[in-house]
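One structure is given here, and the rest of the page talks about it.
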Amino acid sequence: MSSIPNYVPGHGLLRGKSVLITAAAGAGIGYSAALRAAEEGCRALMISDIHEGRLQEAALRIREATGLDQVFTRECNVTQEEQVQALVAAAERDLVGVDVLINNAGLGGSRLLVEMSDEEWNRVLDVTLTGTMRMTRAMLPKMIERQRGVIVNNASVLGWRAQKEQSHYAAAKAGVMALTRCAAVEAAEHGIRINAVSPSIALHDFLKKSAPKELLDQLASREAFGRAAEVWEVANVMMFLASDYSSYMTGEVLSVSSQRA
């Protein structure tokens with residue numbers, strides 16, 4: 001098994017930019033992306049989630065760890081259009097315009113297709129795919145007015161690859177990839193870039209609680225490094241896509257994976 005690399009310090013990739021991130025109050029990729037954005041020098045940050053208490057805790061940790069005072073919070077369920085619109089309005093006001101939107105909200109689960117109910121299917125797609133669409137749809141007019149902006153979506157290698165009991169999640173993430181490509185073409189003429197990351201397996205506390213250890217060990221063993229990614233390794237790629245270093249990239253889906261071919 002490959003050892004975990006050292007945590008890379010910030011290099012000012014987002015200096016002067018404002019960032020809005022959905023589903024950023026837990027221990028997963030969203031929170032790690034928020035912390036990294038602050039470490040990369042963003043001037044202001046807003047994190048959203050459905051858990052108000054955890055939001056406040058996450059904001060406090062980010063402020064204490066990075067010294068960034070401009071960390072705002074807003075409760076939001078991305079399946080509710082009025083909450084999405086309210087989040088975007090609050091972010092535009094508090095951040096004095098949003099430079100970067102990171103769509104991280106997603107919902108998984110495990111169920112054989114023949115046993116899956118319409119409710120299970122619809123819930124996963126509503127959060128993961130339609131929620132990403134709602135946030136993108138709400139933010140694009142603001143970015144179009146300024147003729148600039150960056151959107152980074154969180155997809156998954158399951159948008160490309162097959163896995164048992166993941167039909168709903170895989171379909172949703174494949175949809176996020178297609179949405180990324182099509183929205184990017186529409187936004188390009190306005191100077192707006194839209195890309196996505198596609199992680200294989202990144203371990204965090206919620207995933208450890210919600211998935212069998214045997215399955216997680218099996219998935220990690222398929223990686224060339226023999227381990228799962230750290231959440232901050234995925235967040236690092238998000239920071240690259242959010243930064244000016246990726247200025248010629250749009251409509252792309254970057255695999256954050258060490259899976260063997």
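The figures here come from the full heavy-atom set of this structure, side chains too, leaving out hydrogens, waters and symmetry mates.
Shown here are the salt bridge (Lys or Arg N to Asp or Glu O under 4.0 Å) partners of E75, two or more places apart in sequence or in another chain: there are none. Taking R181 as the reference, nothing meets the salt bridge (Lys or Arg N to Asp or Glu O under 4.0 Å) condition, with sequence neighbours excluded. When the side chain to side chain donor-acceptor pair (under 3.5 Å) test is applied to N104, the partners found at least two apart in sequence or on another chain are N154. Every residue was checked against the side chain to side chain donor-acceptor pair (under 3.5 Å) condition with E40, not counting sequence neighbours, and none meets it. Taking the side chain to side chain donor-acceptor pair (under 3.5 Å) definition, one finds that E233 meets it with R227, sequence neighbours left out. Applying the salt bridge (Lys or Arg N to Asp or Glu O under 4.0 Å) criterion to R134, with sequence neighbours excluded, gives D126. In this view, N122 satisfies the side chain to side chain donor-acceptor pair (under 3.5 Å) rule with no residue, not counting sequence neighbours. Under the salt bridge (Lys or Arg N to Asp or Glu O under 4.0 Å) criterion, R111 pairs with E120, not counting sequence neighbours.
In summary, D244 and K17 engage in a salt bridge, as defined by a charged side-chain N under 4.0 Å from a carboxylate O. For the pair K142 and E145, the salt-bridge criterion is not met [side-chain N within less than 4.0 Å of a carboxylate O].
Within 6.0 Å of CZ on R43 lie more than 12 heavy atoms contributed by other residues, nucleotides or ligands. Atom CD of E119 sits in a sparse spot, with 12 or fewer heavy atoms from other residues, nucleotides or ligands closer than 6.0 Å.
Considering CD1 of I201 and CD of E223, their distance stands at 7.0 Å, rounded to 0.5 Å. Atoms CG and OG, on L254 and S246 in that order, are 8.5 Å from each other to the nearest 0.5 Å. Distance check: N236 CG to E39 CD gives 9.0 Å after rounding to the nearest 0.5 Å. Atoms CD1 and SG, on I21 and C42 in that order, are 8.0 Å from each other to the nearest 0.5 Å.
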Worksheet entry | Criterion side chain to side chain contact (heavy atoms under 4.5 Å, CB included) on V71 and I62, from CA distance to verdict | CA-CA 8 Å; V71 181; I62 292 170; 4.1 Å; yes
Worksheet item: Is there a side chain to side chain contact (heavy atoms under 4.5 Å, CB included) between C76 and M46 once you walk through the steps?
Response: CA-CA 12 Å; C76 179; M46 178 173 282; over 6 Å; no
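Counting only residues at least two apart or in different chains, side chain to side chain donor-acceptor pair (under 3.5 Å) contacts with residues 51-65 comprise Y31-R61, H51-R54, E52-Q56, Q56-T73. The ring-ring contact (aromatic ring centres under 6.0 Å, His included) analysis of residues 2-23, with sequence neighbours excluded, yields the pairs Y7-W232.
At a threshold of 4.5 Å between non-hydrogen side-chain atoms, the residues S255 and V157 count as touching. Residues I47 and L55 meet the side-chain proximity criterion, which asks for heavy atoms closer than 4.5 Å. Side-chain atoms of I151 and T180, non-hydrogen and from C-beta on, never get closer than 4.5 Å to each other.
The two atoms that bring V124 and G108 nearest to each other are CG2-O, 4.0 Å, heavy atoms only. Residue R193 comes nearest to S243 through the heavy atom pair NH2-O, 2.9 Å, listed as atom of the first residue, atom of the second, then distance. Heavy-atom minimum distance, A34 versus L45: O-CD2, 3.6 Å. Of all the heavy atoms in L35 and A65, the pair that sits closest is CD1-CB, 4.1 Å. Contact between V231 and G28 at its shortest, heavy atoms only, is CG1-C, 3.9 Å.
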Acceptor/donor pairs from residues 162-169 side chains to any protein atom, 3.5 angstrom cut, sequence neighbours excluded:
residue, atom, partner, partner atom, Å
Q166, NE2, G109, O, 2.8
Q166, NE2, S110, OG, 3.2

Output side-chain donor-acceptor pairs under 3.5 Å for residues 83-98, partner residues at least two apart or in another chain, one line each.
residue, atom, partner, partner atom, Å
Q83, OE1, N77, N, 2.8
Q85, NE2, E81, OE2, 2.8
E92, OE1, R146, NH1, 2.7
E92, OE2, V98, N, 3.0
E92, OE2, R146, NH2, 2.9

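Hydrophobic clustering (ILVMFWY, side-chain heavy atoms < 4.5 Å, transitive): L129 and M139 are in distinct clusters. Criterion: ILVMFWY side-chain heavy atoms under 4.5 Å apart, direct or through other members. Under it, V256 and V150 are part of a common hydrophobic cluster. Under the 4.5 Å side-chain heavy-atom criterion for grouping Ile, Leu, Val, Met, Phe, Trp and Tyr, L68 is not connected to F72 through any hydrophobic cluster. Residues L101 and I144 share a hydrophobic cluster, clusters being chains of Ile/Leu/Val/Met/Phe/Trp/Tyr side chains in contact below 4.5 Å. Under the 4.5 Å side-chain heavy-atom criterion for ILVMFWY residues, a single connected hydrophobic cluster contains both Y245 and V234.
If you run side-chain contact (heavy atoms from CB on, under 4.5 Å) between M133 and each of N153, V78, V176, L179, only L179 comes through.
Using modelled atom types and a 3.5 Å distance limit, the side chains of N103 and T136 yield a donor-acceptor pair.
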